[in-house]
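Let me begin by presenting the structure, written as structure tokens, before commenting on it.
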Amino acid sequence: MTHPTYTRLEQELAAMHTAGLYKTERPIVSAQSAQIQVDKAGTHTPVLNFCANNYLGLADHPEIIAAAKAAMDTYGYGMASVRFICGTLDLHRQLEMAIAKFTGHADSILFAACFDANGGVFEPLLTAEDAIVSDSLNHASIIDGIRLCKAKRFRFANNDMADLEAQLKAAQATNPRTIVIATDGVFSMDGYIANLPEIRRLADAYGALIMVDDCHSTGILGPTGNGTGPHHGVHVDILTSTLGKSLGGAAGGFVAASQPVIDMLRQRARPYLFSNTLPPAIAGGALKAIELTVNGAELRAKLQRNQAHFRSGLTAAGFDLLPGDHPIIPVMLYDAPLAQALANRLYELGVYVSGFFYPVVPKGQARIRTQMSAAHTPEQLDTAIAAFTKAGHELGILA
Ligand SMILES: *Cc1c(COP(=O)(O)O)cnc(C)c1O
């Protein structure tokens with residue numbers, strides 16, 4: 001007999017299907033790039049890719065692949081250990097020092113993912129005597145990290161500085177030892193950049209520290225791709241970011257901060273202590289990715305041109321875009337099934353984009369989040385704009 005749990009899960013899954021909220025995965029059969037090969041009913045077919053976080057186009061960069069292979073030749077495939085037992089290579093320390101230098105912090109610490117960095121960063125630093133003031137649109141991993149820590153929680157409306165101040169006042173009224181303001185550097189569903197100058201001013205006024213998650217800023221914003229803080233000329237106290245987006249796109253995350261913060265995380269951060277060390281190939285590849293990023297002014301200029309080109313093309317076609325200046329360009333549809341239908345039609349037309357809807361974005365805010373890459377050519381952008389226009393007319397989105 002089927003356990004009732006399975007029946008319940010099947011019903012819940014069927015309801016997701018009916019509501020157009022069910023996510024499916026499409027197998028890619030090539031390297032990640034501006035144009036990829038996908039498996040369409042058994043046939044390998046090229047599609048233009050507008051939904052990877054491959055902002056600088058480094059995911060298939062030959063120098064990174066060579067560096068990863070060289071690391072594997074020297075250090076093998078895996079370390080079969082956590083860092084503190086027998087899993088720390090000289091290569092890991094080199095990477096941590098390179099990240100510290102790149103981001104302008106005293107030191108850094110590697111995690112298996114930024115999800116783990118965010119999950120592990122709060123609990124060792126803060127207790128019930130402390131307070132966290134968190135942006136309402138923060139990434140799920142920040143929300144989880146805050147849940148795992150006993151600090152008092154305060155939430156401010158997205159990028160709303162008046163509300164941030166109100167929440168800082170409320171936090172201060174509880175007389176905490178430490179207040180930490182936590183925010184994404186760039187909000188991943190909208191491409192909005194956090195107002196760090198005002199956050200810094202308020203943090204200083206209330207004696208708070210700032211924690212910024214720069215997953216969608218690293219490589220893109222700042223003079224050397226060094227993030228939202230340098231972009232604004234603002235000091236960030238605790239930075240988290242990923243090796244899984246601009247920096248080659250493989251996997252891994254980090255925290256960069258002052259020495260006592262990193263030292264304490266190395267002693268106490270649970271995802272660091274109880275999870276395997278980063279594989280040598282990724283550590284070697286990431287070192288090369290950081291070098292290419294620091295020297296990547298050309299790539300960032302190309303990315304900037306691409307986002308301006310795509311934005312003006314879709315706007316001229318009549319699409320409703322969220323405003324902004326970031327390679328994340330959200331095309332608003334508001335309706336989940338419509339976002340799905342547009343994404344599906346574009347896929348047929350050879351343009352790979354992804355629809356986002358509840359619970360990833362609020363209900364009624366369904367969209368297609370397009371993401372530009374330095375690897376896109378102007379011709380590829382024009383092909384995609386033409387496909388959007390055709391599908392938009394077919395589906396009655398455009399008049
Ligand atoms: C992608 C992302 C993460 C997770 O990073 P991983 O290294 O893939 O775990 C965390 N925070 C934000 C804002 C992200 O966009």
Side-chain angles (χ1 to χ4, degrees), residues 103-105 114 117-119 121-123 125-218 220-222 226-241 255-258 261 322-326 328 330 359-362 365:
T103 59
H105 287 89
C114 189
N118 287 337
V121 69
F122 297 104
E123 193 249 358
L125 308 177
L126 306 170
T127 71
E129 293 180 65
D130 304 305
I132 303 173
V133 183
S134 176
D135 189 287
S136 64
L137 284 192
N138 276 343
H139 191 263
S141 54
I142 299 179
I143 295 168
D144 286 7
I146 293 172
R147 279 188 189 143
L148 290 169
C149 137
K150 297 211 161 49
K152 293 178 222 45
R153 299 165 205 168
F154 300 86
R155 205 167 77 131
F156 63 101
N158 178 233
N159 243 335
D160 180 335
M161 296 297 109
D163 196 28
L164 170 58
E165 179 152 33
Q167 297 307 319
L168 283 167
K169 282 201 167 78
Q172 206 178 43
T174 68
N175 212 11
R177 285 183 315 189
T178 301
I179 302 177
V180 173
I181 302 170
T183 182
D184 280 12
V186 167
F187 294 91
S188 59
M189 291 302 133
D190 305 310
Y192 293 161
I193 301 172
N195 185 355
L196 287 189
E198 186 60 12
I199 293 175
R200 181 79 266 171
R201 192 187 70 74
L202 288 169
D204 292 346
Y206 289 83
L209 297 174
I210 303 177
M211 174 274 183
V212 172
D213 173 342
D214 253 350
C215 282
H216 288 281
S217 328
T218 299
I220 304 163
L221 299 182
N226 44 351
T228 318
H231 168 78
H232 284 300
V234 162
H235 175 69
V236 163
D237 302 290
I238 301 169
L239 174 77
T240 67
S241 192
V255 179
S258 61
V261 167
L322 290 185
D325 183 19
H326 188 274
I328 291 173
V360 178
V361 295
Q365 292 290 311

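Predicted model, so just to flag it, every value in this text is computed and none were measured.
None of L239, D237, V255, I238 except one satisfies the side chain to side chain contact (heavy atoms under 4.5 Å, CB included) rule with H105; the exception is L239. When each of T103, N226, T218 is tested with S241 by the rule side chain to side chain donor-acceptor pair (under 3.5 Å), just one qualifies, namely T218. Applying the side chain to side chain donor-acceptor pair (under 3.5 Å) test between Y206 and each of Q167, Q172, K169 identifies K169 as the sole match.
Proximity of a side-chain donor or acceptor of K152 to a complementary backbone N or O of A128 within less than 3.5 Å is detected. At least one donor-acceptor pair under 3.5 Å links the side chain of D130 to the backbone N or O of T178. Proximity of a side-chain donor or acceptor of D135 to a complementary backbone N or O of N159 within less than 3.5 Å is detected. Listed for the H139 side chain is no donor-acceptor partner under 3.5 Å among the backbone atoms of N118. Looking at D214, its side chain does come within 3.5 Å of a backbone N or O of T228 through a donor-acceptor pair. H232 places a side-chain N or O within 3.5 Å of a backbone atom of A194 that can act as its donor or acceptor partner.
Counting heavy atoms from C-beta on, the side chains of N195 and L164 never come closer than 4.5 Å. With a 4.5 Å cut-off on side-chain heavy atoms, F187 and N138 count as touching. In this structure, M189 and V360 have side chains that are in contact, with non-hydrogen atoms separated by less than 4.5 Å. For the pair F122/I142, a side-chain contact is recorded, criterion being any heavy-atom separation below 4.5 Å from C-beta on.
Going from atom NE2 of H326 over to atom CD1 of I220 covers 4.0 Å, rounded to the nearest 0.5 Å.
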- Given the rule in the side-chain contact (heavy atoms from CB on, under 4.5 Å) test, do L196 and H231 qualify, once you have shown the distances and angles that lead to the verdict? CA-CA 9 Å; L196 287 189; H231 168 78; over 6 Å; no

